[in-house]
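Lettering of chains follows the sequences in order, A, B, ..., and the numbering in each one begins at 1.
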Number of protein chains: 2
Amino acid sequence: MTNTIRVPAPADFHVHLRQEEMARLVVPHVRKGGFSLAYVMPNLKPPITTAALALEYKAQLQAIDPSVEYLMTLYLSPDLTPDDIIKAKEAGIVGVKSYPRGVTTNSDGGIESYEIYYPVFEAMQRVDMVLNLHGEIPSDPLTVSIHVFVILSLSPIQNTCVLNAEPHFLPHLHSLHKAFPRLRIVLEHATTRAAVEAVKACGPTVACTITAHHLDLTVDDWAGQSFHFCKPVAKYPDDRQALREVILEGHPRFFLGSDSAPHPIDSKAISTASHGCAAGVYTAPILLPLLAHLLESFGALDRLEGFVSTFGRRFYQRELDATDPEVIILQRADAFVVEDKYEAEQVDVIPFWAGKRLGWQISSQ
Amino acid sequence: MTNTIRVPAPADFHVHLRQEEMARLVVPHVRKGGFSLAYVMPNLKPPITTAALALEYKAQLQAIDPSVEYLMTLYLSPDLTPDDIIKAKEAGIVGVKSYPRGVTTNSDGGIESYEIYYPVFEAMQRVDMVLNLHGEIPSDPLTVSIHVFVILSLSPIQNTCVLNAEPHFLPHLHSLHKAFPRLRIVLEHATTRAAVEAVKACGPTVACTITAHHLDLTVDDWAGQSFHFCKPVAKYPDDRQALREVILEGHPRFFLGSDSAPHPIDSKAISTASHGCAAGVYTAPILLPLLAHLLESFGALDRLEGFVSTFGRRFYQRELDATDPEVIILQRADAFVVEDKYEAEQVDVIPFWAGKRLGWQISSQ
């Protein structure tokens, strides 16, 4: 039986590092969770829409923890031009993130249709930047007016809701891949068997990230438990199974993007019926032990290195050379209990699996 | 335009009236919400398993509000015998409620298989008692052990979760109806198009209740909002559409059962990640105005009387005679805002649509 695992330079290809006090609390958790590379999401307030903003943000992150490699992204919006893409590439920005309008945290400025961005995608393909897709379409608008003097007849509905928002997005993935076959595209945080199959059916320029929490949760876990609510929502047991199977298979275009998304407890707790909670699950500080634990639970422990390091690094052209010294050692744990919360002066965050035991921990050696 | 609606003796064929202080708070809300008949669920602690317990409970309810007609039910359990059924019928008990094990509030003693109950159902058919089905099967058990020294391989999964628990139950409905074609059966709180179609396909002895909240909610409404979490969970927009359509159609075997289910605020709020909330939505105190508002929103206001009075009363053989004086008058409301909460000394409950406006109110005339 394996009791020690050596993982070379784990890389998280989708992480939210926030701003100000929240950033000061959570940025150090990248390394605490065993990771030395963070692919940083741009959905701040205001969003990161230019290379200059991205570099400024990167400097803020480096000031908090200079030991992590931060790969920066831009937020896709109508203001972005092909010229901006060229400048961003020169400035070392790696990708551009597309959010459908309104589907997750700070996505009000997200996209509604892709065609208007084709010149931008063309430039991205030319300079070899990565397009990161939040692969969901918005839910149906309210189909019925509740104004007291208006009676609407039943109208045809699209039937889109949080459960099928991802499958309904997949035709966009295929269209984009067909239109830009050399553009590297990542379908982020896949949650459905349909998404796994769609990515598999694409060519080598299309990859897919999978989170830790979607390897564990199904819809039953967030039904009535807001701390497990995230976007995309965890789906059916068979969808979770598909995520596990593609990792078991060792498919090189499927790799970790944790989508670790800290929110203050007040934004996740529910005390009234008047509004819902923020979408997001926070896994960063326990990420590598959690992944070892989960992969072992479905017999994929030997796929850990590929999933958290090799595959993503290869797709993102951040492969390790032979002299790279950074190796994280995991050891079996008897009593590694996840902390109940992480606190700063003004913000506190409850992590995924708070108070639960993990079977692995990072060795301090 | 209609500004006044007269509804003869509204009847709620599925309601939870609880015990002790909670009962004292919520029993008067039956009449406050416009209803004079309540079909009372037996899932108390301990459950109502005998006619004697049901009569004792009925007396408690009558002591709180003697103006409501309470129809009583028994909780189906292995202890129930055909002889008990005969005694219950003689005592005026109307129905027997079946809960699948563990799927909702106080259902730990629920059923796992129906065959062992066939002698009971045979007796029920003979004496003409109603079988009320909570039509869900339990979700998949945990398929993966997280014990640190056990690695399980992937095993076939049933893929049952809260989203398809109702469709997966429907074969049981058909089997029961086929085995006991004269037994009156009610599929409670249908939430899916599949359930509507299954009930339609049955003969005249099978009916179906629909709640108010399932005419309004879809999965997006309870994603991250625990006060909208109930069992069965609200499903896809098209499922909600099917519920609205069958009411628009005026189908006489589909009628109101509110499943109004009060829980203390502490049981519905979420403050930690360690456990989920109680399942249930509380509509009783605003029920008739809410239904008028919702039915009007999808053009079915003229179906209100059938849905809340005629159809259910006919199925349950509680039809009104011409001399019945009880008529509730609804008037259009400009500013009827649902109360934020209802409080007793030790318990408080947040109602559905707290703080929102309704387009109708009960006239005090």
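Without hydrogens or angle criteria, B/Gln361 side chain to B/Asp334 main chain gives no donor-acceptor distance under 3.5 Å. Panel note: side chain A/Arg303, backbone A/Leu295; no donor-acceptor pair is recorded below 3.5 Å. Between the side chain of B/Trp222 and the backbone N or O of B/Ala234 there is at least one donor-acceptor pair closer than 3.5 Å. A donor-acceptor pair is defined here as one N or O able to donate and one able to accept, closer than 3.5 Å; no such pair exists between the side chain of A/Asp216 and the backbone of A/His213.
Of all the listed residues (B/Lys268, B/Lys341, B/His275), the one sharing the greatest number of non-hydrogen pairs under 4.5 Å with chain A is B/His275. Ranked by non-hydrogen atom pairs under 4.5 Å with chain B, the options A/Asp340, A/Val219, A/Ile350 are led by A/Val219. Between chain A and the options B/Cys161, B/Ala278, B/Ala269, the largest number of non-hydrogen pairs under 4.5 Å is found for B/Cys161. Residue with the most contacts toward chain B among A/Ala223, A/Cys277, A/Cys230, A/Ala165: A/Ala223 (heavy-atom pairs, distance under 4.5 Å).
Annotation: ring pair (Phe, Tyr, Trp, His ring centres under 6.0 Å) contacts of B/Phe352 (sequence neighbours excluded): B/His228. Take A/Glu305 and apply the salt bridge (charged side-chain N to carboxylate O under 4.0 Å, His left out) test, not counting sequence neighbours, and it matches no residue. For B/His251, the ring pair (Phe, Tyr, Trp, His ring centres under 6.0 Å) partners two or more places apart in sequence, or in a different chain, are B/Phe254.
Residues of residues 283-292 of chain B lying under 4.5 angstrom from chain A, judged on non-hydrogen atoms, do not exist.
Taking the six-membered ring where the residue is Trp, the centroids of B/Tyr282 and B/His263 are separated by 6.0 Å or more.
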